[in-house]
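First up is the structure itself, then whatever we jot down about it.
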Amino acid sequence: MEYLSQKLCIDDQKQLDKAIQLISKIRFQINQKLNDLEKLIYDKIQVLQENEIFKQLNQMETLFIESNDRNFDQKSTELFQMISSFSNCKENQISHNNVEQLNLLYFQQAIRKLTELQLSNQYMMNNITNLVDQNKKDNKKVVNSGAQNSSNEIWKHKTFAKSNDRKVAFNFTKNCGVAENVLPLQNVVLSGFLLTQLFSGLNQFDQNINDQNREVVVLFRVHEGLDLNISVYDEIINIKHSKLKIINDCYFIELEQDVFLKKGMTYSLSLVSQTNEAFNLYMFGGKSVSFGEIKFLNKETENINQSVQVKQSLTQSCIPGIVIHNS
């Protein structure tokens, strides 16, 4: 390992260190959360020891252990007088008036969520394993081939937003951005998105802008729900007009890693500037073009914090479309 590390280029070494660091961090976080969850379940069991029905069941158990055929009927009759929820016994069997009352644990929803977590983690780990297993050239070839064969573009807007016959520009400053909310109508995989181009020309305020000669950096994030404090996917994206593929006057941004989106779960897609100087992107507008597997929502996301501001417009967007394929 020491020999290999000495032979790796600087970028490769950084990637190696980062991957191992992330694996260690994720392992620690998952183990800690699972241990906390397991402790919570056993704490719940401990609390049930004080439950009145549980105490009654313990009394019943003691009755069975201490009684014999001759005194069982007498002892059980005395016990039934004390515990009204239990009816009399027949053939040494005790019946309860309300069986559902004996179901003391309500973990069904938690179990369903754990099952969903297991499935999504399995998909994510398989995806990461495949990416690591493939070499750099073959991986790019496989990703591109898959996108061409099975990807599907879902558009919210497909025309330029205009004001006073001028195309609308959205001004990005450091730690400022936009967000879109989407609702998967079935399990899908997010593989990319459509981003409006860097602005060039007169904007809605008759200002002459030419940002297409610049290179800017943005942070793209995927969040579960409307809270932008926690993300399930982060990627730094470099935007240079001359190097990006353009579809319908938008940049086609292919994510480095697919993101699994669960049916019925609301997701927020945020885009925040990491560039010190301000820059502008076109805005697309109009009614939603297509839904398909994804429905765009008009909801208000929660700002990340005071230093990171995310603005929204229900009728205009810098992220007018996304690219998905079925899971």
Side-chain angles (χ1 to χ4, degrees), residues 22 26 29-30 32-34 36-37 40-41 106-131 146-147 150-157 177-195 218-235 237 253-272 288-305 308 310-314 317-327:
L22 282 171
I26 292 171
Q29 289 176 337
I30 291 178
Q32 186 178 41
K33 290 295 182 183
L34 290 177
D36 291 344
L37 177 59
L40 179 62
I41 290 174
Y106 300 96
F107 288 162
Q108 290 89 342
Q109 290 186 345
I111 291 172
R112 180 169 57 82
K113 288 295 183 183
L114 282 170
T115 303
E116 291 179 4
L117 177 63
Q118 181 188 25
L119 292 175
S120 60
N121 280 347
Q122 181 179 353
Y123 171 84
M124 187 65 69
M125 288 305 303
N126 289 341
N127 190 24
I128 295 172
T129 301
N130 290 337
L131 289 172
S150 60
S151 64
N152 185 21
E153 298 169 16
I154 307 293
W155 292 84
K156 180 180 182 183
H157 310 295
V178 296
E180 280 293 338
N181 313 121
V182 297
L183 174 67
L185 304 179
Q186 63 185 55
N187 290 340
V188 297
V189 176
L190 179 69
S191 58
F193 64 98
L194 287 310
L195 177 67
V218 294
L219 171 62
F220 175 76
R221 308 179 83 197
V222 180
H223 318 262
E224 284 189 351
L226 304 177
D227 184 0
L228 304 187
N229 283 292
I230 303 174
S231 62
V232 296
Y233 180 80
D234 294 38
E235 182 178 335
I237 298 174
I253 307 295
E254 184 177 3
L255 299 179
E256 293 179 351
Q257 179 182 316
D258 289 347
V259 183
F260 178 72
L261 304 182
K262 293 179 287 188
K263 175 183 176 181
M265 167 70 77
T266 297
Y267 291 89
S268 298
L269 314 179
S270 67
L271 194 73
V272 176
S288 297
V289 179
S290 64
F291 282 159
E293 299 92 338
I294 293 285
K295 182 177 182 180
F296 287 91
L297 304 175
N298 292 330
K299 293 184 177 292
E300 189 70 25
T301 53
E302 302 173 21
N303 284 335
I304 300 175
N305 52 51
V308 179
V310 173
K311 300 178 182 179
Q312 287 179 280
S313 171
L314 302 183
S317 178
C318 295
I319 311 175
I322 61 176
V323 182
I324 63 167
H325 61 267
N326 294 334
S327 61

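From a predicted model like this one, the values you see are computed outputs, not experimental measurements. Atoms considered below: every heavy atom in the structure, side chains included; atoms not considered: hydrogens, waters and symmetry mates.
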Audit row: Leu271, Leu195, side chain to side chain contact (heavy atoms under 4.5 Å, CB included) steps and yes/no: CA-CA 10 Å; Leu271 194 73; Leu195 177 67; 3.3 Å; yes
Audit row: Phe193, Ile237, side chain to side chain contact (heavy atoms under 4.5 Å, CB included) steps and yes/no: CA-CA 12 Å; Phe193 64 98; Ile237 298 174; 3.7 Å; yes
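Considering only heavy atoms from C-beta on, Leu190 stays 4.5 Å or farther from Val323 through its side chain. Residues Val259 and Val189 form no side-chain contact, since every pair of their non-hydrogen atoms from C-beta on lies 4.5 Å or further apart. Residues Leu297 and Thr266 meet the side-chain proximity criterion, which asks for heavy atoms closer than 4.5 Å. A 4.5 Å side-chain heavy-atom check between Glu224 and Tyr267 finds at least one atom pair inside the cut-off. At a threshold of 4.5 Å between non-hydrogen side-chain atoms, the residues Leu114 and Leu37 count as touching. Side-chain contact check for Leu194 versus Ile319: every heavy-atom pair is 4.5 Å or farther apart. Looking at Leu183 and Asn181, their side chains never come closer than 4.5 Å, going by heavy atoms from C-beta outward.
The residue from Ile253, Val222, Leu255 that alone fulfils the side-chain contact (heavy atoms from CB on, under 4.5 Å) condition with Glu235 is Leu255.
To the nearest 0.5 angstrom, Glu293 atom CD is 11.5 Å from Asn187 atom CG. Distance check: Leu228 CG to Leu269 CG gives 10.0 Å after rounding to the nearest 0.5 Å. Between atom CD1 of residue Ile322 and atom NZ of residue Lys156 there is a gap of 11.5 Å, rounded to the nearest 0.5 Å. Of the inter-residue distances, the one linking Ser268 atom OG with Glu180 atom CD reads 9.5 Å to the nearest 0.5 angstrom. Distance check, rounded to the nearest 0.5 Å: OG of Ser231 to CG of Leu219 gives 7.5 Å. Separating the CG atom in Leu185 from the CD1 atom in Ile154 is a distance of 9.0 Å, to the nearest 0.5 Å.
Side-chain N/O atoms of Asp258 and Ser191 include no donor and acceptor closer than 3.5 Å.
Residue-environment remark: CD1 (Ile230) stays at or below the threshold of 12 foreign heavy atoms within 6.0 Å.
The side chain to side chain donor-acceptor pair (under 3.5 Å) search around Gln257 returns none, not counting sequence neighbours.
Residue Lys262 comes nearest to Pro184 through the heavy atom pair O-CG, 3.5 Å, listed as atom of the first residue, atom of the second, then distance.
A perpendicular orientation is assigned to the rings of Phe220 and Tyr233, their planes being inclined by more than 60° (bins at 30° and 60°).
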